[in-house]
Amino acid sequence: CGRFSFAPISIDSMIDMMKYIYENEGHGELQIQQNIYEYIYNWTKGDMRKSIILFQQLCHEHIFTIEKLQSLNGDTPLCIIQNIINAIQSPFETNTIMNIINSIFQNGYNIFNIINNLYQHYLYDNIDDKIKGKIFMKLSQTNYKLNSGCSEKLQVINLIMTLNALYNGATIKESFGPYSVSVVLP
């Protein structure tokens with residue numbers, strides 16, 4: 001039994017192949033925005049086979065917007081991610097944060113997808129490296145706890161409230177006990 005692993009292809013090669021497939025299946029010239037190609041590339045991590053399958057679904061469903069493509073993939077819409085980020089960056093808006101958290105669970109958004117999107121956002125955010133490190137640590141801890149079977153809603157509340165406090169200059173003191181988070185406001 002053998003296993004072959006291939007390196008991810010470049011986004012330009014992926015786009016060229018998708019255009020070639022689309023045109024040779026009798027659909028004519030392809031008119032898709034660049035950000036849809038980038039979304040497919042990022043979603044599949046450069047895997048050409050997965051990219052072609054997702055692209056075929058896209059063409060079959062005639063879905064040519066990011067929002068519809070995200071829905072097809074079960075991805076959390078970018079507007080929801082942006083609402084979460086805005087709530088995290090707002091100064092201690094508990095009611096707003098709880099409304100967003102309730103919306104996440106009412107709509108059944110994937111929590112792991114949200115964590116990944118937050119990670120991607122803060123990776124490129126221009127904030128202090130110490131704060132960024134604490135944010136990544138909290139994202140990792142939440143991911144670990146969710147994979148260990150902890151309550152999704154409690155972990156999301158803890159995550160977003162902690163990120164909000166970190167972003168707004170509070171000091172977070174944590175230990176490894178089950179109820180050991182304390183926030184010291186600036």
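The shown structure was predicted, so the numbers you read here are calculated from the model rather than taken from an experiment. Hydrogens, waters and symmetry mates play no part in the numbers below; they use all other heavy atoms, side chains included. The first residue in the sequence is number 1, and the count goes up from there.
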Exercise: do Q82 and N86 side chains pair donor with acceptor under 3.5 Å:
yes
Before giving the answer on side chain to side chain contact (heavy atoms under 4.5 Å, CB included), spell out for I135 and I127 the whole-Å C-alpha distance, their side-chain angles and the decisive distance to 0.1 Å.
CA-CA 10 Å; I135 288 172; I127 57 175; 3.6 Å; yes
With a cut-off of 6.0 Å (strictly less than), are more than 12 heavy atoms of other residues, nucleotides or ligands near CG of N95?
no
Between K132 and L123, what is the shortest heavy-atom contact and its length?
NZ-O, 3.2 Å
Connected via hydrophobic side-chain network under 4.5 Å: L78 and L54
yes
Run the side-chain hydrogen bond (donor to acceptor under 3.5 Å, both in side chains) test against S10 and tell me which residues pass, sequence neighbours left out.
S13
Residues in side-chain hydrogen bond (donor to acceptor under 3.5 Å, both in side chains) contact with Q89, at least two apart in sequence or another chain
Y167
Where the side chain of N143 meets the backbone of L139, is there a donor-acceptor pair that is under 3.5 Å apart?
no
Partners passing side-chain hydrogen bond (donor to acceptor under 3.5 Å, both in side chains) against S140 (at least two apart in sequence or in another chain)
none
Test applied, side-chain contact (heavy atoms from CB on, under 4.5 Å); reference residue, Y41; option that passes from D12, I15, I11:
I11
side-chain hydrogen bond (donor to acceptor under 3.5 Å, both in side chains) partners for S51, two or more places apart
T44
Side-chain contact, heavy-atom cut-off 4.5 Å: H121 with I81?
no
Using the rule that Ile, Leu, Val, Met, Phe, Trp and Tyr join whenever any side-chain heavy atoms are under 4.5 Å apart, tell me whether Y37 and I53 fall into a single cluster.
no
Shortest non-hydrogen pair, A87 vs I100, comes out as CB-CD1, 3.5 Å
Hydrophobic cluster membership, Y20 vs M14, 4.5 Å side-chain cutoff
yes
Table please: side-chain donor-acceptor pairs of residues 102-112 below 3.5 Å, with sequence neighbours left out.
from : atom 1 : to   : atom 2 : distance (Å)
N102 : OD1    : K153 : NZ     : 2.9
N102 : ND2    : M98  : O      : 3.2
S103 : OG     : N107 : ND2    : 3.2
N107 : ND2    : S103 : O      : 2.9
N110 : OD1    : F112 : N      : 2.8
N110 : OD1    : N113 : N      : 2.9

With hydrophobic residues grouped by side-chain heavy-atom distances under 4.5 Å, do Y124 and I114 end up in a single group?
yes
Say whether N158 and K138, considering side chains only, have a donor N or O and an acceptor N or O under 3.5 Å apart.
yes
Say you draw a straight line from CD1 of I131 to CG of D125; how long is it, rounded to the nearest 0.5 Å?
10.0 Å
Any side-chain heavy atom of I40 within less than 4.5 Å of one from M18?
yes
Yes or no on side chain to side chain contact (heavy atoms under 4.5 Å, CB included) for I9 and D47, after CA distance, side-chain angles and deciding distance?
CA-CA 7 Å; I9 64 166; D47 184 324; over 6 Å; no
Given S90 and N164, is the side chain to side chain contact (heavy atoms under 4.5 Å, CB included) satisfied, shown in steps?
CA-CA 7 Å; S90 65; N164 177 265; 4.2 Å; yes
Carefully, step by step, assess Y122 and I85 under the rule side chain to side chain contact (heavy atoms under 4.5 Å, CB included).
CA-CA 9 Å; Y122 287 110; I85 291 166; 4.3 Å; yes
Sequence-distant partners of Y119, ring pair (Phe, Tyr, Trp, His ring centres under 6.0 Å), two or more places apart:
F136
Taking the side chain as C-beta and beyond, is there a heavy-atom pair between L118 and I88 under 4.5 Å?
yes
